[in-house]
There are 2 protein chains.
Amino acid sequence: MTKIAFRTRIEDLRRRELIQAAHRVFMQHGLGGMTTKRICEEAGMSAGILSYYFKGKEDVLFAMVRLNNRLLMEAVASGLAQAKTRWGRLQAIIAGNFPEGLFEPNIANAWLSVCAASATNARYARLQRIFYARLQSNLASVFRDVLPDARFKQIALALGTMIDGLWLRRATGEALSPHDSIALVLAVAAALLTEAERAQLQA
Amino acid sequence: MTKIAFRTRIEDLRRRELIQAAHRVFMQHGLGGMTTKRICEEAGMSAGILSYYFKGKEDVLFAMVRLNNRLLMEAVASGLAQAKTRWGRLQAIIAGNFPEGLFEPNIANAWLSVCAASATNARYARLQRIFYARLQSNLASVFRDVLPDARFKQIALALGTMIDGLWLRRATGEALSPHDSIALVLAVAAALLTEAERAQLQA
DNA sequence: CAAAAAACTGAACGCACATACAAAAATTTA
DNA sequence: TAAATTTTTGTATGTGCGTTCAGTTTTTTG
């Protein structure tokens with residue numbers, strides 16, 4: 001049992017190291033430049049190690065994307081937990097989608113590559129769907145019982161696409177701070193609501 | 001001279017055929033699945049022909065992207081020419097960014113791939129910059145002399161990122177019609193302006 | 001401290017690819 | 001039509017990749 005425990009620890013450690021190495025290589029060389037050799041080198045191991053801990057290169061990529069998605073979703077969740085009013089929840093959702101230190105050109109580009117690859121990769125597509133469903137569900141929790149369904153959907157789509165668009169532009173290196181991005185989306189959110197609706201959300 | 005004329009015609013024809021073939025392969029197999037062999041097959045020619053008419057594979061790709069960009073920009077330009085009021089120009093710009101028959105998942109995905117590749121490909125990045133500069137300049141022609149500079153920039157950014165975001169979502173297969181997309185962006189544009197400002201734009 | 005198991009190495013293999021190129025076919029020229 | 005030129009072909013070449021695996025080192029077991 002000691003043996004099992006230790007073996008598991010080492011396995012998890014190596015997997016994590018490889019995933020993080022893959023992430024660094026991804027950031028520096030893009031999706032196309034991610035070779036097994038580079039990943040193993042970056043992790044300080046030899047070329048064959050990847051097949052020992054993963055089924056193949058595709059497996060490492062998927063694990064990497066899943067990890068990143070989890071980090072982003074957790075950032076939103078932690079902010080949401082503290083919010084008191086519906087408007088506060090909206091602020092938390094928006095702010096959580098532009099985390100300090102994560103809203104950077106290389107990370108945005110990585111996300112973009114995965115979006116593009118989703119068209120031909122079912123596993124990526126599934127991750128993407130989960131991610132969007134979570135965002136939609138979070139937004140729904142803000143507007144449910146306050147706005148009619150059609151109106152809620154329009155606003156959610158407008159805010160969601162703006163968030164995506166801001167990430168896309170960040171990927172091209174445009175100088176958008178998390179602060180400015182959050183302010184912009186919030187300003188649009190405010191503009192889309194009537195005064196009465198806004199008051200209701202702040203109650 | 002007859003010789004030169006004919007030679008040029010054949011050359012241009014072959015280049016166009018190859019570019020269109022490349023475009024079809026791109027749509028079907030993605031950026032990663034675009035091989036010279038597939039392109040030449042699709043064009044009904046043999047494997048070596050690509051090197052004869054282009055410097056290499058990269059050259060065909062670039063020509064393809066440039067052609068697509070030109071088509072989109074022309075769609076906007078033709079709409080702009082007919083508009084009378086400033087608000088009409090805004091409508092034309094937005095509508096021109098969601099052309100019927102072009103706002104499709106596979107085309108959106110193609111554009112996304114190029115955006116992602118821009119990070120490591122200087123030529124793509126340059127095309128992207130030109131494209132955005134044109135959009136910005138078009139928008140500026142709507143708001144110049146009507147809105148203060150800071151306000152114009154905020155609105156242009158909001159609308160631009162929404163357009164990008166809608167294309168991105170279209171790439172993931174989301175069922176967004178050109179009509180709904182245009183309506184959404186216009187609704188946001190209207191919401192962002194005061195009544196007085198709107199009246200000014202419609203004059 | 002052996003014996004056994006786990007962790008790791010790095011060379012080797014097969015495959016897919018972009019490109020080069022000599023030869024062939026088609027077309028133009030004189 | 002014969003020579004010259006352009007156009008096209010299909011194979012050959014070299015490169016880089018992911019994966020495999022026999023063997024080596026390290027760690028655990030008894």
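In what follows, chains carry the letters A, B, and so on, assigned in the order in which the sequence lines appear, proteins first and then strands, with residues in each chain numbered from 1.
- Rounding to whole angstrom units, CE of residue B:Met34 and C1' of C:dA16 are separated by 16 Å.
- Distance check: A:Thr85 OG1 to A:Gln200 CD gives 12.5 Å after rounding to the nearest 0.5 Å.
- In terms of the salt bridge (Lys or Arg N to Asp or Glu O under 4.0 Å) criterion, A:Glu100 has no residue partners (sequence neighbours excluded).
- Atoms CG (A:Leu31) and P (D:dC17) sit 14 Å apart, rounded to a whole Å.
- For B:Glu17 and D:dT8, the CD to P distance is 9 Å, given to the nearest whole Å.
- Relative to the side chain of B:Tyr53, the nucleotides C:dT19, D:dT7, D:dT20 differ in distance, and D:dT7 lies closest.
- Put simply, CG on A:Asp12 is 11 Å from P on C:dA7, counting in whole angstrom units.
- Between B:Arg14 and D:dT8 there is a side-chain polar atom (N or O) within less than 4.0 angstrom of OP1 or OP2.
- Applying the salt bridge (Lys or Arg N to Asp or Glu O under 4.0 Å) criterion to A:Glu74, with sequence neighbours excluded, gives no partner residue.
- Whole-Å rounding puts the A:Leu13 CG to C:dA7 P distance at 12 Å.
- Rounded to whole Å, the distance from NZ on A:Lys37 to C1' on D:dT20 is 17 Å.
- Within residues 54-61 of chain A, the residues approached by DNA chain D to less than 4.0 Å at the level of any non-hydrogen atom are A:Gly56, A:Lys57, in residue-number order.
- With sequence neighbours left out, A:Ala116 forms a side chain to side chain contact (heavy atoms under 4.5 Å, CB included) with B:Asn109, B:Leu112, B:Ser113.
- By the side chain to side chain contact (heavy atoms under 4.5 Å, CB included) test, B:Thr36 pairs with B:Leu50, B:Lys57, sequence neighbours left out.
- Proximity of B:Ser51 to the phosphate of C:dT19: no side-chain N or O atom is located under 4.0 Å from OP1 or OP2.
- Sequence neighbours left out, the pairs with a member in residues 137-156 of chain B that pass salt bridge (charged side-chain N to carboxylate O under 4.0 Å, His left out) are B:Asp149-B:Lys153, B:Arg151-B:Glu197.
- Sorted by first then second residue, the salt bridge (charged side-chain N to carboxylate O under 4.0 Å, His left out) pairs that include residues 162-186 of chain A, not counting sequence neighbours, are A:Glu104-A:Arg170, A:Asp164-B:Arg169, A:Arg169-A:Glu174, A:Arg169-B:Asp164.
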Discussion item. Does A:Leu135 form a side chain to side chain contact (heavy atoms under 4.5 Å, CB included) with A:Asn97? I'd like the steps, not just the answer.
Written reply: CA-CA 9 Å; A:Leu135 176 59; A:Asn97 273 281; 3.8 Å; yes

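- Remark: P of D:dT7 and CZ of B:Arg15 are 11 Å apart, rounded to the nearest angstrom.
- The stretch residues 19-34 of chain A participates, sequence neighbours left out, in these salt bridge (charged side-chain N to carboxylate O under 4.0 Å, His left out) pairs: A:Arg24-A:Glu42.
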Heteroatom pairs (N/O) under 3.5 angstrom, protein to nucleotides 9-15 of chain C:
unit_1, atom_1, unit_2, atom_2, d
C:dT9, OP2, A:Ser46, N, 3.0
C:dT9, OP2, A:Ser46, OG, 3.1
C:dT9, O5', A:Ser46, OG, 3.1

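- Residue B:Thr35 is classed as a sugar-phosphate contact, given heavy-atom separations below 4.0 Å to backbone atoms only.
- Going from atom CG of A:Leu18 over to atom C1' of C:dA7 covers 13 Å, rounded to whole Å.
- Annotation: ring pair (Phe, Tyr, Trp, His ring centres under 6.0 Å) contacts of A:Phe103 (sequence neighbours excluded): A:Phe98, A:Trp167.
- For residues 107-124 of chain B, the salt bridge (charged side-chain N to carboxylate O under 4.0 Å, His left out) pairs, not counting sequence neighbours, are B:Asp59-B:Arg123.
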Practice prompt. Test side chain to side chain contact (heavy atoms under 4.5 Å, CB included) on B:Trp87 and B:Leu193 and set out the steps.
Written response: CA-CA 11 Å; B:Trp87 184 257; B:Leu193 296 167; 3.8 Å; yes

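- Taking a 4.0 Å limit (strictly below) on heavy-atom distances, residues 20-30 of chain A does not reach DNA chain C anywhere.
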